[in-house]
Visitor: 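Got a structure for you, written out below as structure tokens; questions coming shortly.
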Amino acid sequence: RQVRLNEPCRAGAVVPPATIRPSLVNTAIESVGGKVATQQQASVGNQRVWDTLGRRAIGLRADAPLTEQTISTMRRAEGQAYEAVKKSGVPIAADTEFAGAVKGIGGDYPAAAAELPGIIENPLLDRLKGSFDKMLDGTPISANAAVEAVKSLRSSAKTNFKAFADPEKLTLARAQRSAADALDDLVERQLAASGKGALASDYQAARVNIAKLHDIDAALTAGGHIDARVLAKIGEKHPLSGDLKTIADFAANFGKAVQTGEKIGSPMTHALRPSIGTGIGSVIGSSTVPSPLAT
């Protein structure tokens, strides 16, 4: 992926100069101050940027506390549209599009597990896919069940995305996110087909905001900061937009500059910060700068 640096740089994000321009001079500058220390210093400054962008993405004031309680309160407010759907009485029946989405849950995992069942195993993912069997066989579910399933799936995905370093949990998180999206899409289609277009529109708007809140919650650290690496993992398989995409794309390209405070501790104090700023400034004029990791 390529990352557009203008937006994060305007917000104050920095990248060690040798990361973008691996010239002899930039490499020598980092060698003097220490490459690790330079990356730590960038991460510390960038953390404030991610917290600011994260707040903005969900409509929080710049000085509002970034906590699970705050996010939960905002989710409940958005959930009013969900409650209206639960009471609609519209049956939710699987269609061809939903069947295709369910088949794709888990990505390449099902095929790999079929070839090496003794090595590649994720019972919870298998159970998740199997939970839709009755729907796919033609048994509709209530709108109440569909909405509650979406809420449960997004909550579980949030928890598993926090543990993204565990491959099994990351795979499960992505599958749960995909299942929630598939159900949300199905609910919207069924509402529209039942002549409840206004309710479908309200539901669509609410689900977008709730999904953002879950993404921020997934990336929220114990210290109340945004872990950009989590958003990068979410963004690998699920489309993000706006400020969340800005954070995710930056983290995907410049992983060493998005370490959390809990991970890096107290970085060494050195005089390279001005150099970092200068290094990044030299590339802001270009709208798109491919990182060494870009694909």
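Sequence positions, counted from 1, serve as the residue numbers for this chain.
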Visitor: Under a plain distance cut-off of 3.5 Å, with no hydrogens placed, do Ser156 and Thr159 share a side-chain donor-acceptor pair?
Guide: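 Looking only at side-chain atoms, Ser156 and Thr159 do not form any donor-acceptor pair under 3.5 Å.
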
Visitor: Is it true that atom NZ of Lys196 has more than 12 heavy atoms of other residues, nucleotides or ligands lying nearer than 6.0 Å?
Guide: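 Result for NZ/Lys196: open.
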
Visitor: If I compare all heavy atoms of Ala180 with all of Leu153, which pair ends up nearest, and what's the gap?
Guide: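 Heavy-atom minimum between the residues: N-CD1, 3.8 Å.
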
Visitor: Looking at Ala257 and Val14, what are the two nearest heavy atoms and their distance?
Guide: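 For Ala257 versus Val14, the nearest heavy atoms are CB-O, 4.1 Å.
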
Visitor: Are Asp215 and Arg177 close enough for a salt bridge, meaning some N to O gap below 4.0 Å?
Guide: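 Counted as a salt bridge, because a side-chain N and a carboxylate O are separated by less than 4.0 Å.
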
Visitor: Check Ala114 against Pro117 and note the closest heavy-atom contact, atom names and distance.
Guide: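 Looks like O-CD, 3.7 Å.
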
Visitor: Is it the case that more than 12 heavy atoms not belonging to Lys169 sit under 6.0 Å from its NZ atom?
Guide: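 At most 12 heavy atoms, drawn from other residues, nucleotides or ligands, come within 6.0 Å of this atom.
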
Visitor: Supply the atom-to-atom distance Leu213 CG to Thr73 OG1, rounded to the nearest 0.5 angstrom.
Guide: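 Here the rounded value is 10.5 Å.
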
Visitor: Might you point out which heavy atoms bring Val90 and Ser194 nearest each other, and give the distance in Å?
Guide: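 What the structure gives for the nearest pair is CG1-OG, 3.4 Å.
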
Visitor: I'd like to know if Arg154 and Asp181 make a salt bridge, using a cut-off of under 4.0 Å between side-chain N and carboxylate O.
Guide: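 Judged by the 4.0 Å cut-off on N to carboxylate O distance, Arg154 and Asp181 do form a salt bridge.
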
Visitor: Just wondering, are more than 12 heavy atoms of other shown residues or ligands nearer than 6.0 Å to CG in Asp137?
Guide: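 Counting other residues, nucleotides and ligands, CG of Asp137 exceeds 12 neighbours.
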
Visitor: Does this structure show an ion pair linking Asp217 with Arg75, if we count only N-O contacts that are shorter than 4.0 Å?
Guide: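 Yes, Asp217 and Arg75 are salt-bridged.
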
Visitor: Could you tell me whether the side chain of Ser178 and the main chain of Arg174 form a donor-acceptor pair under 3.5 Å?
Guide: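 Judged by distance alone, yes, a pair lies under 3.5 Å.
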
Visitor: For residues Asn144 and Glu148, is any side-chain donor paired with an opposing acceptor at under 3.5 Å?
Guide: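 On atom types as modelled, these side chains do not qualify, holding no pair under 3.5 Å.
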
Visitor: How about Glu78 and Asn209: does a side-chain donor come under 3.5 Å of a side-chain acceptor?
Guide: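 Short answer, yes.
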
Visitor: Provide the closest heavy-atom pair for Leu199 versus Ala84 in the form atom of the first, atom of the second, distance.
Guide: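 Here Leu199 and Ala84 meet closest at CD1-CB, 3.7 Å.
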
Visitor: Does the side chain of Arg48 come under 3.5 Å of the side chain of Thr52 through a donor N or O and an acceptor N or O?
Guide: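 No donor-acceptor contact under 3.5 Å links the two side chains.
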
Visitor: Quick one: sort the His238 and Phe161 rings into parallel, tilted or perpendicular, breaks at 30° and 60°.
Guide: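 If you compare the ring of His238 with that of Phe161, the planes turn out perpendicular.
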
Visitor: What heavy-atom pair brings Pro65 and Leu60 nearest, and what distance separates the two atoms?
Guide: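 Taking every non-hydrogen atom into account, O-CD1, 4.1 Å.
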
